[in-house]
Engineer: 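Shown below is the structure under consideration.
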Amino acid sequence: MALYVTADLHLGNAETVDKPMEVFGRLWENHIERLKANWCVGEKDTVVIAGDISWAMDFKQLAPDFEFIDKLPGKKIILKGNHDYWWSTMSKLKDFAKNYSTISFLHNNSYEYEGVGICGTRGWITEPGQQSDIKVLNREVGRLKASLASCKAEEKIVFLHYPPVFGNIECKEITQVLAENNIKTCYYGHLHGYAHRLAVHDEERNGTRFFLASADFTGFTPIRIL
């Protein structure tokens, strides 16, 4: 068994969601076929998918994308990204996912893999003076704390969608929580294209080593963690 991570699948069934990713560059050409071909996760493995799962707006549009994910080998633990507009309450998510036995959600909770905690939330980055953003950020900080508090494992890995560090920018509200909880490793997504150049990848900041897991950054191949 093994633990993997990926992010930003940006799935979209052509019949229901008109969001071809090729508009973001040649790197995204045939990306769904490449995801399937490069899926190195085994049937007994677990993979965390760190947000931006699908362009779907509701569960009806989402169904073909969850069918695609569910048929891929392995157990999938999904957290919310900024483009996951279909995301709803946990009760509604669980009810919808009853038909997809390999999919579960990381939201105010945690999981364990071989004694290692799997914790996380979407995350956020705020700018000075943006009071509405501060409210959202505070909610995400609370969700991260709730996820960590729910986990009894001594060693924990945190998964976020938004980068808590980006170039010289740091979301101190998030990184402080990581430091206070002695988090040694954090994986995140969200960054594409030119932003890859500013990503903090395989680099330690304040005791936490950060890794970018966006699918286009990793060649549409999940990263093995454990």
Side-chain angles (χ1 to χ4, degrees), residues 5-10 19 21 23-25 27-28 48-55 57 77-88 90 105-110 117-149 151 156-218 223 225:
V5 62
T6 188
D8 302 273
L9 304 188
H10 285 293
K19 285 283 187 178
M21 290 300 293
V23 299
F24 296 102
L27 189 62
W28 286 92
V48 179
I49 307 178
D52 280 4
I53 314 300
S54 168
W55 286 109
M57 298 296 293
I77 299 174
I78 290 175
L79 60 92
K80 184 181 182 181
N82 61 304
H83 290 301
D84 290 317
Y85 304 116
W86 49 270
W87 196 277
S88 186
M90 184 60 85
F105 302 96
L106 182 58
H107 186 70
N108 294 328
N109 59 351
S110 60
I118 296 173
C119 305
T121 187
R122 179 184 62 177
W124 197 252
I125 293 179
T126 188
E127 296 181 4
Q130 297 292 328
Q131 293 300 318
S132 60
D133 282 355
I134 290 174
K135 291 179 181 179
V136 176
L137 173 59
N138 288 339
R139 281 203 302 268
E140 289 301 310
V141 169
R143 287 168 179 160
L144 178 57
K145 289 180 177 179
S147 177
L148 290 164
C151 184
K156 302 177 181 70
I157 300 174
V158 165
F159 300 86
L160 303 167
H161 179 66
Y162 280 104
V165 288
F166 178 62
N168 294 321
I169 299 173
E170 177 182 349
C171 183
K172 293 184 178 180
E173 292 86 348
I174 295 288
T175 57
Q176 181 177 348
V177 175
L178 300 180
E180 290 172 349
N181 286 271
N182 196 31
I183 302 302
K184 300 300 183 184
T185 309
C186 175
Y187 293 88
Y188 65 92
H190 186 65
L191 302 180
H192 306 300
Y194 181 82
H196 290 169
R197 303 182 185 184
L198 297 177
V200 177
H201 176 70
D202 198 6
E203 182 179 337
E204 184 176 313
R205 298 278 184 91
N206 300 322
T208 302
R209 185 165 291 274
F210 296 95
F211 295 88
L212 176 59
S214 299
D216 58 325
F217 180 75
T218 65
I223 302 171
I225 302 172

Engineer: Are the side chain of His201 and the backbone of Leu212 linked by a donor-acceptor contact shorter than 3.5 Å?
Structural biologist: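 Judged by distance alone, yes, a pair lies under 3.5 Å.
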Engineer: Before giving the answer on side-chain contact (heavy atoms from CB on, under 4.5 Å), spell out for Arg122 and Trp87 the whole-Å C-alpha distance, their side-chain angles and the decisive distance to 0.1 Å.
Structural biologist: CA-CA 12 Å; Arg122 179 184 62 177; Trp87 196 277; over 6 Å; no
Engineer: Would Lys80 and Arg143 satisfy side-chain contact (heavy atoms from CB on, under 4.5 Å), going step by step from the backbone distance to the final call?
Structural biologist: CA-CA 12 Å; Lys80 184 181 182 181; Arg143 287 168 179 160; 5.8 Å; no
Engineer: I need the minimum non-hydrogen distance between Tyr188 and Ala199, along with the two atoms involved.
Structural biologist: OH-CB, 3.6 Å
Engineer: For the CG atom on Asp202, are there more than 12 heavy atoms of other groups (residues, nucleotides or ligands in this structure) within a distance under 6.0 Å?
Structural biologist: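 Check passes, neighbour count above 12.
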Engineer: Check for a donor-acceptor pair, side chain of Glu204 on one end and backbone N or O of Arg209 on the other, with a separation under 3.5 Å.
Structural biologist: no
Engineer: With Phe159, which of Phe211, Tyr187, Phe210 fulfils ring pair (Phe, Tyr, Trp, His ring centres under 6.0 Å)?
Structural biologist: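 Among Phe211, Tyr187, Phe210, the one that satisfies the ring pair (Phe, Tyr, Trp, His ring centres under 6.0 Å) with Phe159 is Tyr187.
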Engineer: To the closest 0.5 Å, what do you measure between SG (Cys119) and CG (Leu144)?
Structural biologist: 8.0 Å
Engineer: Taking atom CG of Asp84 and atom OG of Ser54, what is their separation to the nearest 0.5 Å?
Structural biologist: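 Output value for this atom pair is 7.0 Å.
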Engineer: May I have the step-by-step check of side-chain contact (heavy atoms from CB on, under 4.5 Å) for Thr121 and Leu160, ending in yes or no?
Structural biologist: CA-CA 5 Å; Thr121 187; Leu160 303 167; 3.9 Å; yes
Engineer: Quick one: does any side-chain atom of Asp8 pair with a main-chain N or O of Asp52 as donor and acceptor, under 3.5 Å?
Structural biologist: no
Engineer: Measure the shortest side-chain to side-chain distance between Asp216 and Trp28 over non-hydrogen atoms and say whether it is less than 4.5 angstrom.
Structural biologist: yes
Engineer: Of all residues at least two apart in sequence or in a different chain, which pass the salt bridge (charged side-chain N to carboxylate O under 4.0 Å, His left out) check with Arg139?
Structural biologist: none
Engineer: Between CD1 of Ile174 and CD1 of Ile125, what distance do you get to the nearest 0.5 Å?
Structural biologist: 9.0 Å
Engineer: What's the shortest heavy-atom distance between Ala50 and Ala7, and which atoms?
Structural biologist: O-CB, 3.6 Å
Engineer: Sub-3.5 Å donor-acceptor pair from the side chain of Thr208 to the main-chain atoms of Ile183, do we have one?
Structural biologist: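 Side chain of Thr208 to backbone of Ile183: a pair is present.
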Engineer: In Å, rounded to the nearest 0.5 Å, how long is the span from OG1 of Thr175 to CZ of Arg205?
Structural biologist: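 One finds 10.0 Å between OG1 of Thr175 and CZ of Arg205.
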Engineer: Can you label the angle between the His190 ring and the His161 ring as parallel, tilted or perpendicular, going by 30° and 60°?
Structural biologist: perpendicular
Engineer: Please identify each residue that fulfils side-chain hydrogen bond (donor to acceptor under 3.5 Å, both in side chains) with Ser147, with sequence neighbours left out.
Structural biologist: none
Engineer: Will you find, in the side chains of Tyr194 and His196, an N or O donor that is under 3.5 Å from an N or O acceptor?
Structural biologist: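 No.
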Engineer: Any chance you could measure Trp124, atom CH2, to Asp133, atom CG, to the nearest 0.5 Å?
Structural biologist: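 Atom-to-atom, Trp124:CH2 and Asp133:CG are 5.5 Å apart.
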Engineer: Would you sort out whether Thr218 and Val5 count as a side-chain contact (heavy atoms from CB on, under 4.5 Å), showing the intermediate values?
Structural biologist: CA-CA 10 Å; Thr218 65; Val5 62; over 6 Å; no
Engineer: Does the Asn109 side chain pair with the main chain of His107, one donor and one acceptor, at a distance under 3.5 Å?
Structural biologist: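 Yes, Asn109 side chain to His107 backbone: donor-acceptor pair under 3.5 Å.
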Engineer: How long is the gap from OG on Ser214 to CD1 on Ile223, to the nearest 0.5 Å?
Structural biologist: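 One finds 9.0 Å between OG of Ser214 and CD1 of Ile223.
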Engineer: For a quick test of reading the model, state the closest non-hydrogen atom pair linking Gly123 to Tyr162 and the distance between them.
Structural biologist: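 Where Gly123 meets Tyr162 most closely, the heavy atoms are O-CD1, 3.2 Å.
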Engineer: Can you give me the closest heavy-atom contact between Gly167 and Val200, atom names plus distance?
Structural biologist: N-CG2, 3.9 Å
Engineer: Within the structure provided, determine whether Glu180 and Leu148 are in side-chain contact (heavy-atom separation under 4.5 Å).
Structural biologist: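 No, side chains not in contact.
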